[in-house]
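Notes follow once the structure below has been shown.
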2 protein chains.
Amino acid sequence: MKPASRERRKAARPGEIAAAALALFSEQGFAATRMQDVAARAGIAKGTLYLYFPTKEELFFAVVREALLPRLAAVEAWVAGQVGPAPEVLRGLLVQAPGMGRGGVAAIPRLVLSEAGRNRAIARFYAEEVVARGMRVVAGILERGMARGEFRAVDAPAMAPVVFAPVLLAMLWRDTIGRHSRGPLDPAAMLAAHAENLLRGLTP
Amino acid sequence: MKPASRERRKAARPGEIAAAALALFSEQGFAATRMQDVAARAGIAKGTLYLYFPTKEELFFAVVREALLPRLAAVEAWVAGQVGPAPEVLRGLLVQAPGMGRGGVAAIPRLVLSEAGRNRAIARFYAEEVVARGMRVVAGILERGMARGEFRAVDAPAMAPVVFAPVLLAMLWRDTIGRHSRGPLDPAAMLAAHAENLLRGLTP
DNA sequence: CGATCATGACTGACTGGTCGGTCATTTACA
DNA sequence: TGTAAATGACCGACCAGTCAGTCATGATCG
């Protein structure tokens, strides 16, 4: 790990720091994570951290941006590439949903929920850049299915979050209560039941 | 507000403190709420607070217990009193769901999500005393509907959280992102679409 | 029934420790 | 060797939890 010119390192730092921060935020939450520890995990000193991010809050923004937007873009691309029947696309999306949350990404909605109540900036950013885009992808599938006569007529923007809600619940469950309790909720079984019932309900 | 004997006040205190704490927790979150402020809101000094609750965490437990369990019991009672067709009971539950979250109760799942990742005690308590009971109520309706031939055969324990997920999403949305952004998600429309599609999917 | 006393609910200044953010100094690259 | 990058000791604000002291209350006694 010796090489890497100064310039290369400087360019790579923000990403490394954001990755370290994501790991710690998702383990401990935002408030409970110390900047000291983020720095240590990124292999730098605390002061160095502040050369790249002016405040803890800005670091949080960067984490959300870097971890989520590429993932979202990948989903959009995958959906755009699908040409088969809309029900199959929707089912495919739900099937791969659990795998989407690899690498701490699943923790981000939880972090946002914790912070967004008090922080208007993060609320707006998340609503516009993440939720709106996600809902548009799902609504797009629904509309395509309706146009092709594969789905009954529904209010697509109202239906989109219904598609997503159990996926979110599965993600939240897994990295909070599911960590400590086998409990009364089996995410996999829930998602299977959801896909089944959703598609039944949508048939014309 | 002068009267009230010492004994009466002492008996009433824990409830008053828990109510004050719920209000502040739901506005600002657990970590961001200072014990000082809880005390002020309850009209007592900080030290007094510690006569009733040994730590901030114990206060949190009490808040969850006092705010949620009575509500849950009311729902159980309501459902038990229903004798009509299961689809109507389910629809009735979804219709009154938004009203259920009056008075900051809706904030509790968010608080639990923030804390449960690090706190095994709260995770277990919530899983067993709240989630399991809630799921049992919903699963009960589903089973009754199946027995009466009003629903197709489904895996009731897997289906129950699917029923609940959009309700949860609506609650979370309202008191986080929905506070700051009209945004891409209309809780009422979502719940209507959910009820419609859920019952369609469940018809035999 | 009035005076005196014991109780314990209540108070708030204080402590010990934490953590976000700063900056004078050191390091190592070009 | 000049300079940009990196460092970590330090600062000040903050806060959960403590405790020695206060005083309204209600019990006891003459």
Side-chain angles (χ1 to χ4, degrees), chain A residues 1-25 27-64 111 114-115 118-119 121-122, chain B residues 1-25 27-64 111 114-115 118-119 121-122:
Chain A
M1 269 270 162
K2 265 297 134 63
S5 73
R6 279 218 311 184
E7 282 170 29
R8 288 194 77 83
R9 284 219 62 76
K10 191 181 178 188
R13 289 271 201 243
E16 294 171 15
I17 295 171
L22 172 58
L24 291 171
F25 287 167
E27 277 167 28
Q28 313 175 336
F30 176 74
T33 298
R34 303 194 315 277
M35 291 298 264
Q36 182 65 256
D37 294 340
V38 174
R41 178 123 179 187
I44 58 176
K46 185 160 67 129
T48 309
L49 214 163
Y50 282 88
L51 297 177
Y52 295 95
F53 299 96
T55 64
K56 194 184 185 185
E57 192 176 80
E58 280 300 319
L59 174 59
F60 182 70
F61 268 81
V63 165
V64 174
L111 295 170
S114 300
E115 300 305 313
R118 273 162 298 143
N119 188 326
I122 187 89
Chain B
M1 265 267 166
K2 265 294 134 62
S5 73
R6 288 230 293 193
E7 282 171 26
R8 290 191 79 83
R9 284 219 62 76
K10 189 183 179 186
R13 286 280 197 238
E16 294 172 14
I17 296 171
L22 172 58
L24 290 171
F25 287 168
E27 276 167 29
Q28 314 176 338
F30 176 74
T33 298
R34 305 197 314 283
M35 291 297 263
Q36 182 66 253
D37 294 341
V38 174
R41 177 124 181 184
I44 57 175
K46 184 151 74 116
T48 309
L49 217 162
Y50 283 90
L51 296 177
Y52 294 95
F53 300 96
T55 64
K56 194 183 185 185
E57 191 176 82
E58 280 300 319
L59 174 58
F60 183 71
F61 268 80
V63 165
V64 174
L111 295 170
S114 300
E115 300 306 311
R118 273 162 297 142
N119 188 325
I122 187 88

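None of the values given here were measured: they were computed from a predicted structure. Every chain is numbered from 1 and lettered A, B, ... according to where its sequence line falls, protein lines coming before strand lines.
Distance, B/Ile17 CD1 to C/dA9 P: 13 Å, rounded to whole Å. At whole-Å resolution of the value, CE in A/Met35 and C1' in C/dG20 are 7 Å apart. One interatomic measurement links the two molecules: CZ of A/Phe53 to C1' of C/dG20, which rounds to 16 Å at whole-angstrom precision. Going from atom CD of B/Glu16 over to atom P of C/dA9 covers 15 Å, rounded to whole Å. A straight line from CZ of B/Phe60 to C1' of D/dA16 spans 17 Å, rounded to a whole angstrom. In this structure, A/Glu57 places its CD atom 14 Å from C1' of C/dG21, rounding to the nearest Å. For the pair A/Leu49 CG and D/dG8 P, the computed distance is 13 Å after rounding to whole Å. Separating the NZ atom of A/Lys46 from the C1' atom of D/dA6 is a distance of 15 Å, rounded to the nearest angstrom.
Closest to the A/Ala45 side chain, of the nucleotides D/dT7, C/dG21, D/dA16, is D/dT7. For A/Leu51, counting side-chain heavy atoms from C-beta on, the closest listed nucleotide (D/dA9, D/dC14, D/dA6) is D/dA6. Among D/dA16, D/dT7, C/dT22, the nucleotide with an atom closest to any side-chain atom of A/Ile44 is D/dT7. Here the side chain of A/Arg34 is nearest to one of C/dG20, C/dG21, D/dC14, namely C/dG20.
Side-chain to base pairing of B/Lys56 with D/dG17: no donor and acceptor N or O lie closer than 3.5 Å to each other.
Using a 4.0 Å cut-off, some side-chain N or O of B/Thr48 falls inside it from OP1 or OP2 of C/dT11. Between A/Arg13 and D/dA5 there is no side-chain polar atom (N or O) within less than 4.0 angstrom of OP1 or OP2. Proximity of B/Tyr50 to the phosphate of D/dC19: no side-chain N or O atom is located under 4.0 Å from OP1 or OP2.
Just one of A/Leu22, A/Leu24, A/Val38, A/Ile17 meets the side chain to side chain contact (heavy atoms under 4.5 Å, CB included) condition when paired with A/Val63; it is A/Leu22.
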Side chain to side chain donor-acceptor pair (under 3.5 Å) between A/Glu57 and A/Asn119, worked out: CA-CA 10 Å; A/Glu57 192 176 80; A/Asn119 188 326; 2.9 Å; yes

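Smallest separation of non-hydrogen atoms from B/Ala31 and B/Lys56: O-NZ, 3.5 Å. Of all the heavy atoms in A/Leu111 and A/Phe60, the pair that sits closest is CB-CE1, 3.7 Å.
When each of A/Gln36 and A/Gly43 is assigned the nucleotide of DNA chain D with its nearest heavy atom, A/Gly43 is the one assigned upstream, toward the 5' end. Nearest-nucleotide mapping onto DNA chain C: of A/Ala32 and B/Gly47, the residue sitting toward the 5' end is B/Gly47.
Inter-residue side-chain proximity for A/Ile44 and A/Glu16 is flagged as unmet; no heavy-atom pair is nearer than 4.5 Å.
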